> 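Below: one structure in structure tokens.
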Amino acid sequence: MKKVFSLIVLIIICFNLMMIVPQLKQNYIPGDLETSIQKSFFKRDELFDIYGLVTLIISSNEILDNNSQTVRLTDGRIVLPRPETNLKYQKEQLSFLAEHCIDNNIDFLYVNLPSQSGGDNELWAVGVPSWCDANANELLSYLTEEKINCLDLKEKFPSGIENGYFYYTDHHWTTLAGFEAAKEILDYCNYSLGYDFDLSLLSSDRYCYTKYNECWLGETGKKVSGTWAKVLDDFTFIEPNFETDVSYVVDSATINRRGEFSDCFIDKSVLEEAKNYYNAKSWHYSYLSSNYDYCELTNNYNVDGKNILLIKDSYSLVMAPFMLMPAKKIVMWDMRFNDNSIEEYINNNDIDIVIVAYTEGSSISKQNMFAFD
């Protein structure tokens, strides 16, 4: 059987060598020959599915790739374990930013967003070490001790698939989770910080929910192949059923839109791209299109509302548009791509509250996400 499989692979490789040259000219990415070759392979997606099927037979619940683990949990979620992290720098930088906000009469809030990988216990139970919760708990304990405002959403959004808050094949949380998180954060601002955000604007009965079943393969699934993932994820578009007037401006991407919520914030082109799930855009990014260095969301109906500076990761793409409904303006700042001075921005702009909202999995472990000074 192994000889037959090896012969088939050899034939495919030889055939690809004949086909790849003209395709390589078309797909060549300057400075990245490896990716260019991968894109040029004949029947690339089919070959990847074959790879996934073979890997599934060899290792049905765990893949090791470049020292990175991908693990299938008992409920079918494909997750990425998180390493133990030294958080000294993160703590110092959060203290610095909180103090700077206080000095400028601006409120500060740190929000811990739950990871799709779930509690550490879920991974340890299948023999895989992970420190996702442990890292977050250490950081939150420090903030509490320092009397810095913090909100932990982990218990509000349990990771099991049955709750509808997370995907099988993608590390992001769902639009439902983002919508509910917007309410939780603004509710905290009302009752703990003295704000008066109108949460009736986030009442569930004022929104339309359009669900598409088994329609997309998430980023983690694309990494390990559709055949290894064994499932496609559902996706739900959540849109206001009341009149809205919003603006979305991204200078670096030359985006400048004004109009209804859905027209400005949601890109439904993913519906046409869904036929080939490897080439299709991630459905998570149908909200706000991408992670940009800096962008502004404005509610033109609420000129007397509050201005929020949201220092974010990609989870906020399905959260910030809903947070805007009771607010005046949300400035989204991504530390991965924006090296401008936050200090200077806070000093020179009208901001009511600075919110750092980070996922307890990947974001907490990255020092560059905390380079606030």
Side-chain angles (χ1 to χ4, degrees), residues 113 116 153 156-157 163-167 170 172-187 197-218 232-250 253 255-275 277 280-292 295-303 305-306 308 310 312-332 355 357:
L113 307 180
Q116 180 255 12
L153 293 181
K156 292 284 185 180
F157 299 95
N163 300 295
Y165 296 137
F166 292 96
Y167 299 112
D170 196 271
H172 297 105
W173 61 2
T174 63
T175 51
L176 174 62
F179 176 72
E180 296 294 334
K183 289 190 279 189
E184 293 291 335
I185 292 172
L186 297 183
D187 184 61
F197 290 109
D198 182 2
L199 296 187
S200 70
L201 291 168
L202 293 176
S203 176
S204 299
D205 60 5
R206 302 190 68 176
Y207 290 78
C208 299
Y209 297 73
T210 308
K211 184 177 181 182
Y212 292 83
N213 295 316
E214 299 180 355
C215 56
W216 73 297
L217 184 66
L232 294 180
D233 272 298
D234 303 335
F235 192 89
T236 300
F237 287 104
I238 303 178
E239 304 166 80
N241 58 20
F242 55 91
E243 187 176 351
T244 55
D245 180 6
V246 298
S247 299
Y248 183 37
V249 177
V250 188
I255 294 174
N256 192 338
R257 305 176 192 147
R258 178 170 180 173
E260 291 286 343
F261 180 102
S262 298
D263 295 334
C264 283
F265 295 152
I266 303 178
D267 175 10
K268 293 188 178 179
S269 64
V270 292
L271 294 171
E272 286 78 44
E273 298 174 357
K275 293 179 181 179
Y277 52 67
K281 178 180 178 181
S282 169
W283 283 48
H284 176 76
Y285 294 99
S286 60
Y287 279 72
L288 302 185
S289 300
S290 184
N291 287 307
Y292 297 112
C295 62
E296 296 181 0
L297 285 63
T298 305
N299 185 346
N300 299 305
Y301 278 160
N302 194 8
V303 294
K306 300 298 182 182
I308 300 171
L310 179 62
K312 43 74 73 177
D313 59 20
S314 55
Y315 268 45
S316 288
L317 297 182
V318 295
M319 181 178 75
F322 302 113
M323 288 179 64
L324 180 68
M325 292 298 92
K328 174 185 176 182
K329 185 176 183 179
I330 295 180
V331 170
M332 298 178 69
I355 299 176

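Quick caveat, the model's predicted, so the values are computed rather than measured.
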> Check whether the side chains of K329 and N302 place a donor and an acceptor atom closer than 3.5 Å, and report yes or no.
no
> Verify side-chain contact (heavy atoms from CB on, under 4.5 Å) between N299 and K328, making sure each step is shown before the conclusion.
CA-CA 5 Å; N299 185 346; K328 174 185 176 182; 5.8 Å; no
> Main chain of G218, side chain of D233: is a donor-acceptor contact present, judged purely on distance under 3.5 Å?
no
> Before you tell me yes or no, could you show the steps for T210 and T236 under side-chain contact (heavy atoms from CB on, under 4.5 Å), namely the whole-Å CA-CA distance, both residues' side-chain angles and the distance that decides it to 0.1 Å?
CA-CA 5 Å; T210 308; T236 300; 5.8 Å; no
> As an exercise, state the distance from CG of L317 to OG of S290, rounded to the nearest 0.5 Å.
7.5 Å
> Could you go through the side-chain contact (heavy atoms from CB on, under 4.5 Å) check for M323 and I355 one step at a time?
CA-CA 12 Å; M323 288 179 64; I355 299 176; 4.0 Å; yes
> Got a donor-acceptor contact below 3.5 angstrom from the T174 side chain to the G164 backbone?
yes
> Below 4.5 Å, heavy atoms only, C-beta onward: do P326 and L186 meet side chain to side chain?
yes
> Is it true that, when you exclude K156 itself, more than 12 heavy atoms of the residues, nucleotides or ligands shown sit nearer than 6.0 Å to its NZ?
no
> CD/E184 to CG/L113 distance, rounded to the nearest 0.5 angstrom?
12.0 Å
> How long is the span from the CD1 atom in I330 to the CG atom in L324, to the nearest 0.5 Å?
5.0 Å
> I want to know whether Y209 and F237 have ring centres closer than 6.0 Å.
no
> Under a 3.5 Å cutoff, is there a donor and acceptor pairing between the side chains of Y301 and E243?
yes
> Answer whether the closest heavy-atom distance between the side chains of R258 and D263 falls below 4.5 Å.
no
> Which is it for I266 and F261 under the side-chain contact (heavy atoms from CB on, under 4.5 Å) test, yes or no, and what are the steps along the way?
CA-CA 8 Å; I266 303 178; F261 180 102; 4.0 Å; yes
> Any sub-3.5 Å donor-acceptor pair from W216's side-chain atoms to D234's backbone N or O?
yes
> Starting at CG of L288, measure out to NZ of K312 and round the result to the nearest 0.5 Å.
8.0 Å
> Heavy atoms, side chains only, cut-off 4.5 Å: are S203 and K183 in contact?
no
> Return the CZ to NZ distance between F197 and K306, rounded to the nearest 0.5 Å.
7.5 Å
> Relative to each other, are the rings of F322 and Y287 parallel, tilted or perpendicular (30° and 60° limits)?
tilted
> Side chains of H284 and V318: closer than 4.5 Å at any heavy-atom pair?
yes
> Could you check whether any side-chain heavy atom of D245 comes within less than 4.5 Å of a side-chain heavy atom of E260, counting everything from C-beta outward?
no
> Applying ring pair (Phe, Tyr, Trp, His ring centres under 6.0 Å) between W173 and each of Y165, F157, F179, report the one that passes.
F157
> Ignoring hydrogens and geometry, is there a side-chain-to-backbone donor-acceptor pair from S316 to M319 under 3.5 Å?
no
> Is it true that the NZ or CZ of R257 lies under 6.0 Å from the centre of Y248's six-membered ring and within 45 degrees of the ring axis?
no
> Check each of Y285, F235, W283 against H172 using the ring pair (Phe, Tyr, Trp, His ring centres under 6.0 Å) test, and report the only one that passes.
Y285
> With a 4.0 Å cut-off on N to O distance, would you call E272 and K281 a salt bridge?
no
> Please round to the nearest 0.5 Å and tell me the distance separating atom NZ of K211 and atom CD1 of I238.
11.5 Å
